[in-house]
Amino acid sequence: MAVVDLRSDTVTRPSAAMRAAMAEAEVGDDVYGEDPTVNRLQETAAALLGKEAALLVPSGTMGNQASIRSLTRPGEVVVTAVDAHILMYESGAASALSGVQIQTVGDGSSGSFTGTDVRGAVRPSESHFAPVGLVSVENTHNRSGGRILPLECVKDIAEAAREHDLPLHLDGARLFHAVVATGIDAAAWAEPFDTVTFCLSKGLGAPVGSIVCGSAAMIRRVHRARKMLGGGMRQAGILAAAGLYALEHNIDRLTDDHANARRLAEGLEELGFSVAGAPESNMVMFEVRNSATFVRETLARNLFINSVYEGRFRAVTHLDVSEDDIDDALDRIRELVAEGVQ
Ligand code: TLP
């Protein structure tokens with residue numbers, strides 16, 4: 001039985017054409033700023049997001065953390081969505097590396113929040129309170145199942161942040177999923193933010209790499225933070241070539257992943273599973289009562305799906321999962337249901 005891997009869109013492998021682009025990449029020492037392919041990727045990414053400058057970093061986590069470090073001072077508060085990746089999945093980096101605390105606001109099930117939430121989080125400027133130093137938005141929002149925070153909500157948050165002179169960061173690990181789902185271009189999504197991270201190594205299919213975009217002055221700060229975090233890379237053009245290939249070939253096709261997520265969600269509902277809302281991008285969140293058996297039996301059928309927490313599973317569609325794979329996955333789950341595992 002062929003493996004169907006729905007654990008994450010991070011599992012994609014570079015295609016033959018992407019590998020060919022990597023093999024042919026012109027390279028130099030990027031710590032000297034001399035890698036032409038890295039420079040081309042950074043210029044392409046900055047133009048795509050309508051920002052002055054961009055920086056290649058090894059991971060989304062480093063992009064977020066170098067941005068947080070560049071935008072805050074120790075002792076400050078970062079206001080963000082419930083279950084934000086920077087809080088849940090970055091190993092405590094914001095507190096360890098930047099000395100900030102994270103305060104979550106808004107709706108726990110959709111990962112959304114509003115300008116009113118931001119205003120409510122700002123504290124009086126007296127010595128008891130840690131001052132809010134940054135507002136961070138995650139779009140699409142991972143733990144809610146790839147929900148998209150609509151652009152008007154982003155603008156509302158940005159207006160509140162501006163009223164209080166607070167900088168804004170976007171964890172746009174899956175920003176291009178929001179772009180293809182809404183038809184709103186990346187520059188419009190990026191416009192209110194001082195720093196924007198997006199990942200090349202998730203739905204876009206590159207093996208490694210994320211990008212941070214911002215003003216030239218801000219990217220100089222992020223560059224310094226990247227160096228401190230050990231993220232200076234040498235002949236990184238090999239990776240940048242994969243990133244350029246991803247931006248040229250793999251954005252529009254994300255609509256296929258969204259269609260596959262909807263197909264999977266509908267199939268799971270037909271099989272009697274409770275699905276947490278129709279997918280807005282490439283993730284399906286669903287409930288399973290017999291979690292332990294479900295994990296064991298799906299694994300035994302070469303079907304890989306991660307549990308987010310007890311009873312809740314996340315299936316992610318991506319470049320290496322076809323419509324037929326989704327139907328295969330549903331057939332394997334149908335067998336489990338027939339055996340009473342649900
Ligand atoms: N998310 C991974 C895991 O860490 C959970 C996944 O499988 O979804 N921001 C967001 C919104 C993310 O979802 C991720 C990765 C990151 C940042 C971090 O990216 P990497 O893994 O490149 O450090």
Side-chain angles (χ1 to χ4, degrees), residues 5-14 45 55-69 78 80-94 96-97 102 104 106 110-113 134 136-149 154 169-179 181 189-190 193 195-213 222 225-226 229-231 233 236 239-240 242-243 246 254 257 261 279-285 304-309 312-321:
D5 193 343
L6 299 171
R7 286 172 300 168
S8 181
D9 45 13
T10 58
V11 302
T12 53
R13 283 165 225 208
L55 189 73
L56 174 65
V57 290
S59 67
T61 300
M62 191 183 287
N64 285 337
Q65 295 304 327
S67 299
I68 291 171
R69 205 185 152 88
V78 178
T80 193
V82 173
D83 282 351
H85 196 279
I86 57 167
L87 173 65
M88 298 298 294
Y89 296 120
E90 299 191 9
S91 214
L97 305 176
I102 294 180
T104 60
S110 70
S112 66
F113 63 104
L134 174 65
S136 181
V137 171
E138 183 177 314
N139 221 359
T140 64
H141 183 270
N142 184 344
R143 285 265 296 193
S144 66
R147 301 259 159 250
I148 297 167
L149 187 68
V154 172
H169 171 66
L170 173 61
D171 176 356
R174 297 185 181 82
L175 177 63
F176 287 97
H177 293 81
V179 168
W189 285 109
F193 294 95
T195 47
V196 179
T197 302
F198 74 85
C199 293
L200 298 161
S201 62
K202 302 201 166 54
L204 297 180
V208 177
S210 295
I211 298 279
V212 184
C213 295
V222 176
R226 183 187 74 172
L229 298 172
M233 296 178 284
L239 302 175
L254 292 174
D257 298 342
E280 293 175 18
S281 60
N282 69 329
M283 294 184 187
V284 183
M285 293 292 206
F304 301 166
I305 306 178
N306 271 348
S307 166
V308 182
Y309 51 81
R312 171 162 287 210
F313 284 73
R314 180 190 78 160
V316 186
T317 56
H318 53 77
L319 193 56
D320 293 349
V321 174

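Both counts, for ligands and for their atoms, begin at 1 and track the order of listing. Positions are given from 1, in the same order as the sequence printed here.
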Nearest heavy atom to [atom] wins, so pick from [options].
atom                    : options                     : answer
atom 22 (O) of ligand 1 : Gly60, Ser210, Gly172       : Gly60
atom 11 (C) of ligand 1 : Arg143, Glu90, Glu138       : Glu138
atom 19 (O) of ligand 1 : Met88, Arg7, Lys202, Arg174 : Lys202

For Asn64, take its heavy atoms, then give the atoms of ligand 1 lying under 4.0 Å from any of them.
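Atoms satisfying the 4.0 Å criterion: 9 (N), 17 (C).
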Atom indices of ligand 1, in the order listed, that fall short of 4.0 Å to a heavy atom of Ser59:
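Reading through ligand 1 atom by atom, the close ones are 22 (O), 23 (O).
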May I ask you to identify the nearest protein heavy atom to atom 4 (O) of ligand 1, giving residue, atom name and distance to one decimal place in Å?
His85 NE2, 2.9 Å
Nearest neighbour in protein (non-hydrogen) for atom 23 (O) of ligand 1
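Minimum-distance protein heavy atom for atom 23 (O) of ligand 1 reads Thr61 OG1, 2.6 Å.
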Quick check against the 3.5 Å criterion: does [X] have a side-chain atom that pairs as donor or acceptor with the backbone of [Y]?
X      : Y     : answer
Ser8   : Thr10 : yes
His141 : Val82 : yes
Glu138 : His85 : yes

Please say whether [X] places an N or O atom under 3.5 Å from an N or O atom belonging to ligand 1.
X      : answer
Ser201 : no
Asn142 : yes
Arg314 : yes
Asp171 : yes

Do [X] and [Y] meet the criterion of a side-chain donor-acceptor pair at a distance under 3.5 Å?
X      : Y      : answer
Thr195 : His169 : yes
Ser112 : Ser110 : yes
Asn142 : Arg314 : yes

Tightest non-hydrogen contact, residues Ser67 and Val212, listed as OG-CG1, 3.5 Å
For ligand 1, which part of Val316 has a heavy atom less than 4.0 Å away: the side chain, the backbone, both, or neither?
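Neither part.
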With heavy atoms and a 4.0 Å threshold, my read on which part of Ser8 contacts ligand 1 is side chain
With Asn282, which of Asp9, Thr317, Thr140 fulfils side-chain hydrogen bond (donor to acceptor under 3.5 Å, both in side chains)?
Asp9
Proximity flag Met283 to ligand 1, non-hydrogen atoms under 4.0 Å
no
Would you give the length of the straight line joining atom CD of Glu90 to atom CG of Asp171, rounded to the nearest 0.5 angstrom?
6.5 Å
